[in-house]
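The structure under discussion appears below in the form of structure tokens.
Only a predicted model underlies this, so the values are computations on that prediction, with no experimental measurement involved.
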Amino acid sequence: MRGAVAVSAELDGVRILSGEGSLAEYQFNTKTAKHYFCLTCGIYTHHQRRSNPRQFGVNVACIEGVSPFDLPEVLVNDGVHHPSDAGASAKPRLAGVLRYEASRDYAQSLFSR
């Protein structure tokens, strides 16, 4: 599990604005998916999906102006079983749901500025 929140986008719906030359690609197992990371800092940026090769999964933290904490909840798959492994009848294996709630201290500090 990489610990990143990924959102889906069609291949032609993603544009890399800067740093494309600093990205490296890696593949493993079936070599269907293409995973990309930054050679400078190591962050996972995006991947061409194995489950739908016409889509990218994009790390929300790499989208300017967006934070994973902006999302009210994030579904978390188990990270072990891939829906494509068992064929079309496979169901995603939901491990849980993440929800972000700001602490009272943090919320109060925002309003006292």
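- The distance from the NZ atom of Lys34 to the NE2 atom of His46 is 10.0 Å, given to the nearest 0.5 Å.
- The CD1 atom of Ile43 lies 5.0 Å from the CG atom of Asn59; values are rounded to the nearest 0.5 Å.
- Between Arg99 and Glu73 there is a salt bridge, with a side-chain nitrogen of the basic residue lying less than 4.0 Å from a carboxylate oxygen of the acidic one.
- There is no path of hydrophobic side-chain contacts, each under 4.5 Å, that joins Tyr36 to Val58.
- Taken together through direct or relayed side-chain contacts under 4.5 Å among Ile, Leu, Val, Met, Phe, Trp and Tyr, Phe37 and Leu23 form parts of separate hydrophobic clusters.
- Note on ring orientation: taking the six-membered ring where Trp is involved, the planes of Tyr100 and Phe69 are tilted (angle from 30° to 60°).
- No more than 12 heavy atoms of other residues, nucleotides or ligands sit less than 6.0 Å from atom CD of Glu20.
- Pairing each heavy atom of Ala24 with each of Leu39, the nearest pair is CB-CD2, 3.5 Å.
- Rounding to the nearest 0.5 Å places CD of Gln48 at 10.5 Å from CD of Gln55.
- One distance of note links CZ of Arg49 with CZ of Phe56; it measures 11.0 Å at 0.5 Å rounding.
- With hydrophobic clusters built from ILVMFWY side chains whose heavy atoms lie under 4.5 angstrom apart, Ile16 does not share a cluster with Leu11.
- Of all the heavy atoms in Ala9 and Val14, the pair that sits closest is CB-CG2, 3.6 Å.
- Residues Gly57 and Tyr44 approach most closely at O-OH, 3.3 Å, considering heavy atoms.
- Within the model, atoms OG of Ser18 and CD of Glu64 stand 8.5 Å from one another, a figure rounded to the nearest 0.5 Å.
- For the atom pair Glu10 CD and Asn52 CG, the distance stands at 6.5 Å (nearest 0.5 Å).
- Ring geometry for Tyr26 versus Phe28: interplanar angle under 30°, hence parallel rather than tilted (30 to 60°).
- The residue from Leu98, Leu75, Val66, Leu71 that alone fulfils the side chain to side chain contact (heavy atoms under 4.5 Å, CB included) condition with Val5 is Leu71.
- Taking 4.5 Å as the limit, every side-chain heavy atom of Ser67 sits out of range of all side-chain heavy atoms of Val60.
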